[in-house]
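To start, the structure itself, in structure tokens.
Here is how names work: the chains are called A, B, and so on, in the same order as the sequence lines, proteins then strands, and each is numbered from 1. Computed from heavy atoms alone, side chains included, the values below leave out hydrogens, waters and symmetry copies.
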Number of protein chains: 2
Amino acid sequence: MHSFTEENYLKAIYHLLVRRQSATTNDIAASLGTKAASVTDMLKKLSDKKLIHYARYQGVTLTTNGESIALGIVRKHRLWECFLVEKLNFKWDEVHDMAEELEHISSAKLIDRLDEFMGCPAYDPHGDPIPNNKGQIINQQLQPALQLSKHQSGIIAGVADHSPAFLQYLEKTQLIIGETITVTDLSDYDISVSLKTTNKEMNISREVAKNILIAI
Amino acid sequence: MHSFTEENYLKAIYHLLVRRQSATTNDIAASLGTKAASVTDMLKKLSDKKLIHYARYQGVTLTTNGESIALGIVRKHRLWECFLVEKLNFKWDEVHDMAEELEHISSAKLIDRLDEFMGCPAYDPHGDPIPNNKGQIINQQLQPALQLSKHQSGIIAGVADHSPAFLQYLEKTQLIIGETITVTDLSDYDISVSLKTTNKEMNISREVAKNILIAI
DNA sequence: TATAAAATTTAGATTAGCCTAAATTTTTAA
DNA sequence: TTAAAAATTTAGGCTAATCTAAATTTTATA
């Protein structure tokens, strides 16, 4: 099959394309914690294998084949996260590193059985959609809570920041997936957003509001 | 931590020491599917890391540290096999290769949670004992069914051959872990062993009888 | 629109793990 | 007990993935 390294490159490229519509050498290096020169080497190899479209100095996109491998990795990552949270009782901020290893377990049969065991979930614990075994994935239309206008309500459906620190903050303040929030105040000169949930009212920073994603 | 390769060497050495009381360069090479020269290279490295006791031309043994790493890998392998069989409904002849990958997932917390989730099983689906999280393992006293004398009974508790072909044969003939068998005939010039189980009587070859392990 | 800055690629090395072929040591057996 | 066979190690090389430093290309800006 493909090496862990190749899989990680394809996944990083996939995420960059989804989140920023482009994947450049430097961006890939930053997201993998390697150097640009190493990325260039790997881009040549992935290009030779027809997993990416690559022209020197021009950035990359995934071929159909490359994208389907990337989606397979994403599927495994997210299904394992479901398992870790729902069956092994891990918190949503604890599972990323473990899933980062588990996503490279190769058996397709295993992942399909795991999918079944988990009841074929559509979303992982962070609200990210799980590709099915054909590589089809729900195209989420979410917006940052910061874009809600005063008195507008929405349901928390995802996060734009997956860092443990942010996830722990949300857990602590009960701003979790599925919760309905209503913006009570939002002013230009104030650095915070006021909102209420089912149980309480609170203030969050604009930075936090930017990273809480609302279903449209 | 340690590389997958190092872990695989330590595990192979552990199994050789358990099964044959010695681990030589050629044996290690054979069990890992590599060449003796490669093994020598790795033995030097493991010795430098104080994971094995190694003197040129003399074979190896594990240090306390090396053995505890090996037992950790064995623990993970066998717990994942339990999970695959009991939760994901795989057959006992299908799980080896998947467990071979899963055993390298590093998180100790994950494996302890998995242990708990599975109800802290003492044995894996093939009857092999599972080390606890302190590296303690039940020392099994088993004997090949071939050593039973005529009219003697015993309970199948393990297998000496883990190959899918052998496991499938046992499955098909219902000679599975926990089954009580009684030897009805066993003669020097006959190449087969006659026995009866709860439901039926049958003949098995001496080769098969040698690989079925009975609790003493 | 030239030129400085930023981004990217190339060149040349390094490390882990593996290999083959040759040399060495140990074991076996005549 | 010594010569042949077997086991093991050494020597020298290969590949994948990484790095730094230097060269090249693109982009931004004065």
**OP:** Identify whether any heavy atom of Thr5(A) sits under 4.0 Å from a base atom; if not, whether one sits that close to sugar-phosphate; answer base, sugar-phosphate or nothing.
**Re:** sugar-phosphate
Subject >> Integer-rounded Å distance: dA7(D) P and Gln58(B) CD >> reply: 15 Å
Subject >> Under 3.5 Å side-chain donor-acceptor pair for Ser38(B) and Asp41(B) >> reply: no
Subject >> N/O (side chain, Tyr9(B)) to phosphate O (OP1/OP2, dA16(C)) under 4.0 Å >> reply: no
Subject >> Heavy-atom side-chain contact between Ile137(A) and Ile130(A) under 4.5 Å >> reply: no
Subject >> Salt bridge Glu103(A)-Arg78(A), side-chain N to carboxylate O under 4.0 Å >> reply: no
Check: protein-nucleotides 21-24 of chain C nitrogen or oxygen pairs below 3.5 Å:
from	atom 1	to	atom 2	distance (Å)
dT24(C)	O2	Tyr57(B)	OH	3.3

**OP:** Starting at atom CD of Glu6(A), determine the distance to atom P of dT18(D), rounded to an integer number of angstrom.
**Re:** 10 Å
**OP:** Check whether the side chains of Thr63(B) and Asn65(B) place a donor and an acceptor atom closer than 3.5 Å, and report yes or no.
**Re:** no
**OP:** Would you indicate what Tyr54(A) reaches in the nucleic acid, counting non-hydrogen atoms under 4.0 angstrom: base, sugar-phosphate, or nothing?
**Re:** sugar-phosphate
**OP:** Indicate whether the side chain of His162(B) and that of Asp93(B) have a donor and an acceptor atom separated by less than 3.5 Å.
**Re:** no
Original post:
Are the charged groups of Lys210(A) and Asp161(A) less than 4.0 angstrom apart, N to O?
Top reply: no
Original post:
Reading DNA chain C 5' to 3', how would its secondary structure be written in dot-bracket notation, given Watson-Crick and G-U pairs with both distances under 3.5 Å, brackets [ ] for crossing pairs and | for partners on other strands?
Top reply: ||||||||||||||||||||||||||||||
**OP:** Give the ring-plane orientation class for Trp80(B) versus Phe83(A), where under 30° counts as parallel, over 60° as perpendicular and anything between as tilted.
**Re:** tilted
Subject >> Separation of atom CD1 in Ile52(B) from atom P in dT8(D), rounded to whole Å >> reply: 13 Å
Original post:
Roughly, in whole Å, what's the span from CG in Leu43(B) to P in dT9(D)?
Top reply: 7 Å
Subject >> Lys/Arg N to Asp/Glu carboxylate O, Asp112(B) vs Arg75(B), below 4.0 Å >> reply: yes
Subject >> Test item: Ser149(A) side-chain N/O and Gln152(A) main-chain N/O as donor-acceptor pair under 3.5 Å >> reply: no
**OP:** Choose from dT20(C), dC19(D), dC18(C) the nucleotide whose nearest atom is closest to any side-chain atom of Lys35(B).
**Re:** dT20(C)
Original post:
Of the nucleotides dT10(C), dC19(C), dT8(C), which has the atom closest to the Thr25(A) side chain?
Top reply: dT8(C)
Original post:
With sugar-phosphate meaning primed atoms plus P, OP1 and OP2, does Ser38(B) contact a base, only sugar-phosphate, or nothing at under 4.0 Å between heavy atoms?
Top reply: base
Subject >> Nearest-Å distance for atom pair CG/P, residues Asp41(A) and dA11(C) >> reply: 11 Å
**OP:** To the nearest 0.5 Å, tell me how far Gln143(B) CD sits from Ile214(B) CD1.
**Re:** 7.5 Å
Subject >> Test: Lys76(B) and Glu100(B) ion pair at under 4.0 Å >> reply: no
**OP:** Output, in order, the C-alpha distance, side-chain angles, deciding distance and verdict of side chain to side chain donor-acceptor pair (under 3.5 Å) for His77(A) and Asp124(A).
**Re:** CA-CA 9 Å; His77(A) 185 105; Asp124(A) 79 10; over 6 Å; no
Subject >> Rounded distance (Å) that lies between atom P of dT9(C) and atom NZ of Lys44(A) >> reply: 8 Å
Tabulated below should be each protein N or O lying under 3.5 Å from an N or O of nucleotides 2-6 of chain D; please produce it.
none

Original post:
How is Phe4(B) classified with respect to the nucleic acid when contacts are heavy atoms under 4.0 Å: base, sugar-phosphate, or nothing?
Top reply: nothing
**OP:** Quickly work out the Ile28(A) CD1 to dT18(D) P distance and round it to whole Å.
**Re:** 13 Å
Original post:
Rounded to whole angstroms, how far apart are NE2 on His2(A) and P on dA16(D)?
Top reply: 14 Å
